[in-house]
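Written out below as structure tokens is the structure these notes cover.
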Amino acid sequence: MEKILTESHVNIPVIIDDVKDEEDFKMSRCTYFSVSSTLLSSDQSFDLLEEQIPYLMVGVTGVISQPSEKSLLFDDPQKITDFFDAVEKKPDFYVDINDIWLPNFVFSETMSERGNVFRISLDLFKIAFQFQNEQITEKEFLDFCKKMNLQANFSSGETKAFSIWGKLQIEGAKMHYHTNKELWLKHVDDVKLKSFEEL
């Protein structure tokens, strides 16, 4: 039976998008999901040396670790669809796809292929996020991962689910195109016209 993750046991699903194995750069670009909002909120304040500094929160982004409170893994295509549907039903919220770089040595060599899903610890995600945002150097990033022996864990069920879900999305897009071909072509013509007018 699944249990809800505590903060110390949170792990983030990442999908390998591209593997670089060059002499001076051996890293894999991975994607992950986040939920973002464009909402404004004024009910926030910084607590600095006992001084409350009011500020406006402009949007928010939350990294996704699981599809719902009741389920830990995206191990079924329907769970992925339900996750997207649940977010997109909320006004001003949307699912975003982001990327981070991870050292190739954190992956099992036999499983480090494009499309494979891995689970990474919060520690590994945090340090990769810092590297992505140029807060630390590549050497600091690699040294930390080696020192802490950080590893990514292959998630076979999620890999299969995302593969099936991706194929279903492509088939759905093809079907939508064929049943709405006139609208699609009109949209393409509008884009071409606007692009021409901007020249």
Side-chain angles (χ1 to χ4, degrees), residues 2-37 44-49 53 55 57-69 71-75 79-80 83-84 87 93-163 165-166:
E2 291 181 334
K3 295 181 181 179
I4 303 307
L5 295 173
T6 61
E7 185 175 340
S8 61
H9 294 93
V10 169
N11 52 67
I12 313 297
V14 297
I15 306 171
I16 293 182
D17 181 54
D18 187 28
V19 179
K20 301 293 185 188
D21 195 21
E22 300 166 12
E23 186 175 341
D24 58 345
F25 192 76
K26 297 180 183 293
M27 289 201 194
S28 297
R29 184 176 64 230
C30 301
T31 59
Y32 64 92
F33 292 114
S34 65
V35 173
S36 297
S37 169
Q44 309 290 332
S45 64
F46 291 114
D47 188 2
L48 302 173
L49 301 175
I53 313 295
Y55 66 93
M57 176 73 79
V58 182
V60 65
T61 296
V63 177
I64 298 302
S65 63
Q66 59 192 77
S68 70
E69 287 186 335
S71 183
L72 296 179
L73 303 174
F74 290 94
D75 54 0
K79 289 183 183 180
I80 304 170
F83 162 71
F84 273 83
V87 173
F93 282 85
Y94 59 94
V95 178
D96 205 359
I97 298 177
N98 313 272
D99 62 86
I100 53 173
W101 289 95
L102 294 174
N104 290 344
F105 62 74
V106 305
F107 301 102
S108 166
E109 288 185 18
T110 58
M111 306 307 296
S112 58
E113 298 178 3
R114 189 174 191 273
N116 282 359
V117 180
F118 287 79
R119 286 272 170 172
I120 63 172
S121 68
L122 204 51
D123 285 340
L124 180 50
F125 181 82
K126 284 178 179 178
I127 195 75
F129 191 81
Q130 289 179 321
F131 173 66
Q132 186 77 6
N133 289 279
E134 300 180 351
Q135 296 173 320
I136 59 172
T137 66
E138 182 179 336
K139 184 180 185 309
E140 289 173 323
F141 179 33
L142 297 176
D143 287 349
F144 182 84
C145 290
K146 288 176 182 176
K147 179 181 177 182
M148 301 302 292
N149 193 29
L150 298 177
Q151 297 293 312
N153 296 308
F154 178 63
S155 182
S156 59
E158 291 180 300
T159 296
K160 183 178 180 180
F162 272 103
S163 176
W165 180 79

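The chain is numbered in sequence order, starting from 1.
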Requested in this report: Apply the test side chain to side chain contact (heavy atoms under 4.5 Å, CB included) to residues Phe74 and Val117: give CA-CA distance (whole Å), side-chain angles for both, the deciding distance (0.1 Å), then the verdict.
Outcome: CA-CA 10 Å; Phe74 290 94; Val117 180; over 6 Å; no
Indicate yes or no: at least one non-hydrogen side-chain atom of [X] is less than 4.5 angstrom from one of [Y].
X: Ser28; Y: Phe107; answer: yes
X: Asp17; Y: Arg114; answer: yes
X: Phe141; Y: Met27; answer: yes
X: Tyr94; Y: Val35; answer: no
X: Ile16; Y: Ser112; answer: yes
X: Phe105; Y: Lys146; answer: yes

Separation of [Y] [atom2] from [X] [atom1] (nearest 0.5 Å):
X: Ile127; Y: Ile136; atom1: CD1; atom2: CD1; value: 3.5 Å
X: Asn133; Y: Ile100; atom1: CG; atom2: CD1; value: 10.5 Å
X: Glu158; Y: Leu73; atom1: CD; atom2: CG; value: 4.5 Å
X: Ser65; Y: Phe33; atom1: OG; atom2: CZ; value: 13.0 Å
X: Leu102; Y: Phe131; atom1: CG; atom2: CZ; value: 10.0 Å
X: Asp21; Y: Glu109; atom1: CG; atom2: CD; value: 9.0 Å

Query raised in the report: Within a radius of less than 6.0 Å around CZ of Phe84, do more than 12 heavy atoms belonging to other residues, nucleotides or ligands occur?
Result: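 Enclosed.
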Query raised in the report: Around atom CD of Glu22, are there more than 12 heavy atoms of other residues, nucleotides or ligands at under 6.0 Å?
Result: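 Counting neighbours around CD of Glu22, more than 12 heavy atoms of other residues, nucleotides or ligands fall under 6.0 Å, so yes.
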[X] versus [Y], closest heavy-atom pair with distance:
X: Arg119; Y: Pro13; answer: NH1-CD, 3.5 Å
X: Pro103; Y: Cys145; answer: CG-SG, 4.1 Å
X: Lys79; Y: Asp75; answer: NZ-OD1, 2.7 Å
X: Glu23; Y: Lys26; answer: O-CE, 4.1 Å
X: Asp96; Y: Asn98; answer: O-ND2, 3.7 Å
X: Pro67; Y: Phe83; answer: O-CD1, 4.1 Å

Query raised in the report: Are Phe25 and Trp101 close enough that their ring centres sit under 6.0 Å apart?
Result: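 Ring-ring flag for Phe25/Trp101: true, centres closer than 6.0 Å.
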Requested in this report: Going by the side chain to side chain contact (heavy atoms under 4.5 Å, CB included) test, name the single residue among Leu150, Asn11, Ile12 that passes it with Phe125.
Outcome: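 For Phe125, the side chain to side chain contact (heavy atoms under 4.5 Å, CB included) check succeeds only for Ile12.
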Query raised in the report: Could you go step by step and tell me if Asp99 and Tyr32 meet the side chain to side chain contact (heavy atoms under 4.5 Å, CB included) rule?
Result: CA-CA 6 Å; Asp99 62 86; Tyr32 64 92; 5.8 Å; no
Query raised in the report: Do any N or O atoms from the side chain of Asn116 and from the backbone of Met111 form a donor-acceptor pair under 3.5 angstrom?
Result: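 Looks like yes, one N/O pair under 3.5 Å.
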Query raised in the report: Do the side chain of Ser163 and the main chain of Thr159 share a donor and acceptor less than 3.5 angstrom apart?
Result: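 The answer is no, because no donor-acceptor pair under 3.5 Å joins these two groups.
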